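As the structure is a prediction and not an experimental result, all values here were calculated from the model. The sequence lines fix the lettering, A, B, ..., with proteins before strands; numbering per chain opens at 1.
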Protein chains: 4
Amino acid sequence: MTTQRRTSPNASRRSDASRRAILAAAFDLVGEVGYAKLSIEGIAARAGVGKQTIYRWWPSKGAVLFDAFLMLGEGADGEAALPDTGDLESDLKAVLRATVAELNDPRYDEPMRALSTEIAHDPELAAAYLERLDRPMRELKKHRLRAAQRAGHLAEDLDLDVAVDMLWGPLLNRWLQRTGPLTPEYADNVVETALNGLRPRR
Amino acid sequence: MTTQRRTSPNASRRSDASRRAILAAAFDLVGEVGYAKLSIEGIAARAGVGKQTIYRWWPSKGAVLFDAFLMLGEGADGEAALPDTGDLESDLKAVLRATVAELNDPRYDEPMRALSTEIAHDPELAAAYLERLDRPMRELKKHRLRAAQRAGHLAEDLDLDVAVDMLWGPLLNRWLQRTGPLTPEYADNVVETALNGLRPRR
Amino acid sequence: MTTQRRTSPNASRRSDASRRAILAAAFDLVGEVGYAKLSIEGIAARAGVGKQTIYRWWPSKGAVLFDAFLMLGEGADGEAALPDTGDLESDLKAVLRATVAELNDPRYDEPMRALSTEIAHDPELAAAYLERLDRPMRELKKHRLRAAQRAGHLAEDLDLDVAVDMLWGPLLNRWLQRTGPLTPEYADNVVETALNGLRPRR
Amino acid sequence: MTTQRRTSPNASRRSDASRRAILAAAFDLVGEVGYAKLSIEGIAARAGVGKQTIYRWWPSKGAVLFDAFLMLGEGADGEAALPDTGDLESDLKAVLRATVAELNDPRYDEPMRALSTEIAHDPELAAAYLERLDRPMRELKKHRLRAAQRAGHLAEDLDLDVAVDMLWGPLLNRWLQRTGPLTPEYADNVVETALNGLRPRR
DNA sequence: ACTTAACCGAGACGGTACGTCCAGTCTTATT
DNA sequence: AATAAGACTGGACGTACCGTCTCGGTTAAGT
């Protein structure tokens, strides 16, 4: 699932074994040596692949990382959905707690930071990320929120994009900048505060 | 205002002119050539300084960037406060719109992204950031919120740290990941939604 | 004609143009800026070559210099011989005067001093020098002396290596240490004195 | 016993302890780490001395090395002479064997190579060496040879400088360039061959 | 079945930057 | 005023990777 390429080489001859080895090596390496020391040469060596094979198919290190993430999510694509028990608050708490758990998992922490910083500095990659990863996830979230809105559990005039940001933004920001501990309790707190608002309820 | 150093060289002999030149060069360069192409060598050359003078006083490129930011904020330290007109909502909107304006200012966008990603990958630097930049800013914000809380404009049992996250987190996340446009209207929307909550007000 | 290498990289892919450019640059530079200011970086820059290309193929600065000398002597290898007019004394005088001229030639003086001092401090390089440059030259000299010996012009029990040392040693030592003027007359004097010995001839 | 200095600082205030410490450190270090890794900074650190104290009194690393050698020879200056048993050949053999022993002594080998190469590349230093070390030694040698010449053991018209070169040149050259083993037997052989000449004695 | 052209591994190439060492100069505080 | 200490600019060190470029060797398509 290669990222943007204006004039792509003949993709039909592409070696799928090499492609998979490269993505796996990239994902593993960024977890092992960290983002700063991740190098194309290292990925090629680990994957048992010539450097050119990477340069032929990906425009940047970030694009490789990005595809590595896509590979992880393969299979789960179409059918996934957020839980809907009818209880919005507990559903959201469950989902945000799962997000917290993933962000705290050392297997995903470094790779996700790496991808985040590549996105932060590469608008083209950011656009691809938006399209291929963020938007699908966001649609799932908005789908659940829309159901709640219809059921009268959310304000009628609510902008669902803002609502998503309000739930996940605090989490992601605290994770990336380490501005505080990232605990399940924090996730719960965010959900409650977001739902009820900062103002006192009459 | 140098960052942490276990065994610092004799700081009394330090050249202040070099220190300032380095920080200014770092800040300017990251804006000009971008984070990825920022190099210690480039900073040293621009500052008219030997590389060793940088390595002598800073442990990493991120630490230089961090001190460059500290230098910007010098002078404004003690007396700053968030506006308090009594109208919390409009005060918050003014502050968040100012934040949006700053994040959109090309003079600050790249340098701040650079610092953010350094922080994301260097826990030690993150700790220094927390202590020296984030915490003072957060205290100002919490100070304003506390006043509102006392005035009965915010929920009594509100965790002010969560409140701050709820207001700035969505903004910063959208900015860094470019998951959507960062406009003054978005700032207003975040403030309103945060204050009122996602649920319908009775 | 690269010097010893334990684990050589794949030599078949080696760029001959780079190799020649490096050797030429090294030889030229040592004549221009002198031995003390000769740097790998300077050689690479002058040759229009990456530093790694030098480090890939040569273990030291001295080895580069050494190969530069070998390149000079290419072609003349096999067929060369010392003159043999039958008159040993005048043949030797001619050869030693030529040596003197070469040592006095500013085009060769600095490069040869540079090589000499590298050899003096690097036994491995000295061994290569011995094998590839000194021995062939010494064989030519001994060949001429052996002919003279057979003709009864030299003592029967003479050690030809000592004889060679006796003729060239004084010259080279005076040149390198500048312990006295290096003139054609001096060359003649050395030849005569060596042939006749210090003792009065009966 | 500082080398040439056009405008010397006020030598009366000079610290003799520092001077001695520097020379001793230079001599020791060149033996320990070798000529290539000998640094002014290393000498200063070993001597417990500021770098400026070295730069104030010596114009170059070679000059320090040179003075270190002079310090070794102090005391023995005036009274020394070559042995004169009346048997020139055995006297010379004894002296040359001593020279061989010294050149083979690891305590002197590296330092002497270091000094030799500094001399080879610094004509000013070479002149100082000639004047202060080589000439006195050479006079001693010539004194012994002159005595032999007067006794009829050497040719009447012999140039004693050439004679000295003929005896020590082969040795020094073989030592510095490692063109062959440097043994007492070689010293004997050189003496015999030099005295008798290469030609057959009638 | 047989070219033939693209892909592949390998890795040399010209470069840029790394982080370190040292040169030689300058400044500060001590003696 | 000379010294020990050491910060300063500057330049070279030897290494790691960058992204480009051959080199042979497979491998799949199209004749």
Side-chain angles (χ1 to χ4, degrees), chain A residues 9-15 17-19 21 36-45 47-57 59-61, chain B residues 9-15 17-19 21 36-45 47-57 59-61, chain C residues 9-15 17-19 21 36-45 47-57 59-61, chain D residues 9-15 17-19 21 36-45 47-57 59-61:
Chain A
N10 186 344
S12 67
R13 295 192 181 237
R14 182 169 188 180
S15 155
S18 292
R19 186 185 137 271
K37 296 202 171 173
L38 180 69
S39 69
I40 297 278
E41 241 167 45
I43 296 170
V49 138
K51 286 200 289 175
Q52 200 59 262
T53 303
I54 299 182
Y55 285 109
R56 189 162 19 236
W57 299 107
S60 70
K61 195 167 69 178
Chain B
N10 186 341
S12 70
R13 296 210 193 291
R14 181 167 188 182
S15 157
S18 292
R19 187 187 136 268
K37 294 202 171 173
L38 180 68
S39 66
I40 297 277
E41 234 164 52
I43 296 171
V49 139
K51 283 200 287 177
Q52 197 59 44
T53 301
I54 299 182
Y55 285 110
R56 180 150 43 225
W57 299 108
S60 70
K61 196 165 67 177
Chain C
N10 187 342
S12 68
R13 296 212 192 289
R14 181 167 189 180
S15 158
S18 293
R19 189 187 134 268
K37 296 202 171 173
L38 180 68
S39 66
I40 298 274
E41 256 183 18
I43 296 170
V49 138
K51 284 199 288 177
Q52 199 59 44
T53 302
I54 299 183
Y55 286 109
R56 182 152 36 228
W57 299 108
S60 69
K61 197 166 67 179
Chain D
N10 185 343
S12 68
R13 298 207 177 223
R14 182 167 189 182
S15 155
S18 292
R19 187 186 138 268
K37 294 202 171 174
L38 180 68
S39 68
I40 297 277
E41 233 163 52
I43 296 171
V49 137
K51 285 201 289 177
Q52 200 58 260
T53 304
I54 299 182
Y55 285 109
R56 186 157 26 233
W57 299 107
S60 70
K61 196 166 69 177

message: Minimum heavy-atom separation for Ile54(C) and Ile43(C), please, with both atom names.
response: CD1-CG2, 3.8 Å
Enumerate the protein-to-nucleotides 1-3 of chain E contacts in which both atoms are nitrogen or oxygen and the separation is below 3.5 Å.
none

CZ-CG distance between Arg56(C) and Asn10(C), expressed to the nearest 0.5 angstrom: 11.0 Å
statement: Ser39(B) meets the side chain to side chain donor-acceptor pair (under 3.5 Å) criterion, sequence neighbours left out, with none
message: Ring of Trp57(D), cation from Arg14(D) - is the NZ or CZ under 6.0 Å from the centre and inside 45° of the axis?
response: yes
message: If you compare every side-chain N and O of Thr53(D) against the phosphate oxygens of dA2(F) (OP1, OP2), does one of them come in below 4.0 Å?
response: no
message: Can you measure Ile54(C) atom CD1 to dG15(E) atom P for me and round it to whole angstrom units?
response: 12 Å
field: Nucleotide nearest Asn10(C) (side chain, heavy atoms from C-beta), chosen from dA7(F), dT9(F), dA12(E)
entry: dA12(E)
task: Return no unless some side-chain N or O of Trp57(B) is found under 4.0 Å from OP1 or OP2 of dG6(F).
output: no
query: Of all residues at least two apart in sequence or in a different chain, which pass the salt bridge (charged side-chain N to carboxylate O under 4.0 Å, His left out) check with Lys51(A)?
result: Glu41(A)
query: Does a side-chain N or O from Arg56(D) land closer than 4.0 Å to OP1 or OP2 of dT3(F), or not?
result: yes
Shortest non-hydrogen contact from Leu38(D) toward Lys61(D): O-NZ, 3.2 Å
- prompt: Shortest non-hydrogen contact from Gly50(B) to Ala44(B)?
  reply: C-CB, 4.3 Å
message: Could you work out, with side chain to side chain donor-acceptor pair (under 3.5 Å) as the rule, every residue matching Gln52(D), not counting sequence neighbours?
response: none
task: Considering just the side-chain nitrogens and oxygens of Ser18(B), establish if one lies under 4.0 Å of OP1 or OP2 belonging to dT9(F).
output: yes
- line: Here the distance between atom P of dG9(E) and atom CZ of Arg14(A), to the nearest Å, is 11 Å
Which protein N or O atoms sit under 3.5 Å from an N or O of nucleotides 28-30 of chain E?
| from | atom 1 | to | atom 2 | distance (Å) |
| --- | --- | --- | --- | --- |
| dT28(E) | O4' | Arg13(B) | NH1 | 3.3 |
| dT28(E) | O2 | Arg13(B) | NH2 | 3.3 |

Using a cut-off of under 3.5 Å, enumerate the N/O to N/O pairs linking the protein to nucleotides 19-23 of chain E.
| from | atom 1 | to | atom 2 | distance (Å) |
| --- | --- | --- | --- | --- |
| dG19(E) | OP2 | Tyr55(B) | OH | 2.7 |
| dG19(E) | N7 | Lys51(B) | NZ | 2.9 |
| dG19(E) | O6 | Lys51(B) | NZ | 2.7 |
| dC21(E) | N4 | Gln52(B) | OE1 | 3.4 |
| dA23(E) | OP1 | Ile40(D) | N | 2.9 |
| dA23(E) | OP2 | Ile40(D) | N | 3.2 |
| dA23(E) | OP2 | Glu41(D) | N | 3.0 |

- prompt: With respect to the phosphate group of dC23(F), does any side-chain polar atom (N or O) of Ser12(C) fall under 4.0 Å of OP1 or OP2?
  reply: no
